[in-house]
Asks: 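Let me give you the structure first, and then I'll get to my questions.
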Amino acid sequence: MMRFKAFTQKVGVLFLIGIFFAITPLIGAGANQWGTKVQEALDALKIDGDPIDGEDLYDICAACHLPTAWGDPAGTFPQLAGQHATVLIKQIADIRAGNRDNPTMFPFAIQIEGAQDLADVSAYIQTLEMNPNPITGPGGPSFILSNLRKDVSPYSLDTVEKKVGKEVFKKLKTLEEQEFKTKADFMVKLKSLLTPAELEKNRADILTHADWTTDLNLGKKLYEKNCVECHGDHGQGSYKDYYPVIAGQTYLYLVRQFNWIKIGKRRNANPDMVKQINGFSQLDMRSVVDYAGRFKMQEGDWKKIKVDDDDDF
Ligand code: HEC
Ligand code: HEC
């Protein structure tokens with residue numbers, strides 16, 4: 001209640017801050033903010049978090065990340081359960097400081113009142129178990145025209161509509177969300193909907209968007225060559241170095257973040273990772289995160305941050 005009141009009093013200020021961030025998105029864009037330069041994060045890491053206070057704070061987070069902290073299956077909201085506390089603290093602090101764009105969460109992230117709150121909410125999240133049945137990728141051929149995925153690929157349905165024109169798009173829309181496990185089945189369906197001329201003209205654009213195939217063997221190869229060094233041999237990340245756990249994270253969230261890191265939209269990304277994945281194709285990207293998301297965390301992967309009152313837990 002207290003916090004809520006404090007929040008409503010701050011709304012005016014928040015609004016101005018919101019405008020500031022809305023109109024000055026380029027200020028921080030040049031400077032790469034990787035590393036934990038945000039003082040608040042450094043302070044929070046020194047504090048023993050209190051999961052009881054953290055649980056109260058988590059109420060506002062649960063609206064999006066869910067009470068389980070498993071996020072949503074479409075990957076709009078990431079799973080937070082199982083993430084290293086250092087990563088949680090760094091990411092929340094980066095979001096608060098405007099180093100990582102998250103307009104959806106920003107107004108809520110700034111309700112956190114400082115280092116102690118940051119430590120508390122992260123301590124609470126650490127008490128939550130990961131989703132035992134995480135949402136993985138297709139693990140093979142997959143052809144689907146999906147609007148849910150417009151965020152995660154440069155080839156959104158809106159782009160398809162512009163490319164193929166209204167008439168053809170209207171026919172294609174009847175396929176929305178239907179998944180085909182082979183390209184042949186997908187083509188049969190397309191042939192039944194479009195005239196031969198329409199198909200011929202738009203085939204490449206449609207396939208570019210609809211092809212969500214992943215190749216787990218390719219993913220394994222790419223992972224071992226390019227990711228182990230930082231994210232660990234089974235996606236466990238690193239508490240010490242702020243490398244996120246990617247094992248068990250929702251597939252579509254991973255795809256989106258990976259795309260954003262590659263194109264520089266996630267500004268707080270590690271520059272070495274950006275270099276590492278520079279030559280990746282869309283198939284490479286989907287395959288490597290489909291592979292990585294299937295890893296399971298193991299005993300000893302976590303270093304639990306010390307909490308004030310673990311006796312109460
Ligand atoms: C209005 C919805 C919303 C609320 C409320 C919200 N978040 Fe988020 N959060 C998001 C979205 C959306 C993302 C992913 C943004 C992206 O794709 O980059 C996110 C990302 C995160 C991340 C980064 C995860 C990662 O793997 O990098 C953390 C940590 C996080 N949220 C913690 C919190 C905490 C703690 C709270 C409560 C104080 C909270 N969020 C409240 C929407 C929300
Ligand atoms: C040089 C170390 C490094 C390498 C190599 C690297 N990463 Fe990362 N990765 C990071 C760091 C650090 C972050 C978090 C960046 C930040 O602070 O926002 C990250 C973030 C991510 C995220 C977003 C996670 C989240 O919760 O939001 C994904 C997905 C990811 N990496 C996948 C990969 C994959 C797959 C590879 C191999 C192809 C890879 N990374 C290679 C260091 C690395």
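Just follow the structure's listing: the first ligand is 1, and inside any ligand the first atom is 1. Atom set for the values below is all heavy atoms of this structure, side chains included, hydrogens, waters and symmetry mates excluded.
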Asks: Would you call E167 and K171 a salt bridge, using N to O less than 4.0 angstrom?
Replies: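 Between K171 and E167 there is no salt bridge, as every charged N stays at least 4.0 Å from the carboxylate O atoms.
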Asks: Where on Q111 is there a heavy atom closer than 4.0 Å to ligand 1, on the side chain, on the backbone, on both, or on neither?
Replies: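 Under 4.0 Å from ligand 1, Q111 contributes no heavy atoms.
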Asks: Mind checking salt bridge (Lys or Arg N to Asp or Glu O under 4.0 Å) for K173 and listing every partner two or more places apart, or none if nothing turns up?
Replies: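 Testing K173 for salt bridge (Lys or Arg N to Asp or Glu O under 4.0 Å), a comparison that skips the adjacent residues, returns E176.
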Asks: Within a distance under 4.0 Å of any heavy atom of I60, pick out the atoms of ligand 1 and give their elements.
Replies: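 Contacts of ligand 1 toward I60, numbered from 1: 5 (C), 38 (C).
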Asks: For a distance under 2.8 Å, give residue and atom name for each protein N, O or S atom next to atom 8 (Fe) of ligand 1.
Replies: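 Sorted hits: H65 NE2, M105 SD.
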Asks: Would you mind telling me if ligand 1 is within reach of the side chain of T76, the backbone, both or neither, using heavy atoms under 4.0 Å?
Replies: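 For T76, the contact with ligand 1 is made by the backbone alone.
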Asks: Among the heavy atoms of W260, does any lie under 4.0 Å from an atom of ligand 1?
Replies: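 Yes, W260 has a heavy atom closer than 4.0 Å to ligand 1.
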Asks: Could you establish whether Y223 and ligand 2 come within less than 4.0 Å of each other, counting only heavy atoms on the residue side?
Replies: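 Distance cut 4.0 Å: Y223 fails for ligand 2.
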Asks: Ion pair present between R294 and D290, side-chain N to carboxylate O less than 4.0 angstrom?
Replies: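 A salt bridge links R294 with D290.
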Asks: In chain order, what residues pass the salt bridge (Lys or Arg N to Asp or Glu O under 4.0 Å) check against K221, with sequence neighbours excluded?
Replies: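 K221: no salt bridge (Lys or Arg N to Asp or Glu O under 4.0 Å) contacts found.
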Asks: By side chain to side chain donor-acceptor pair (under 3.5 Å), which residues pair with D59, not counting sequence neighbours?
Replies: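 Per chain and number, D59 pairs via side chain to side chain donor-acceptor pair (under 3.5 Å) with no residue.
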Asks: Run the contact test for L222 against ligand 2 with a 4.0 Å cut-off on heavy atoms, strictly below, and give the result.
Replies: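 L222 does not count as a contact of ligand 2 under the 4.0 Å cut-off.
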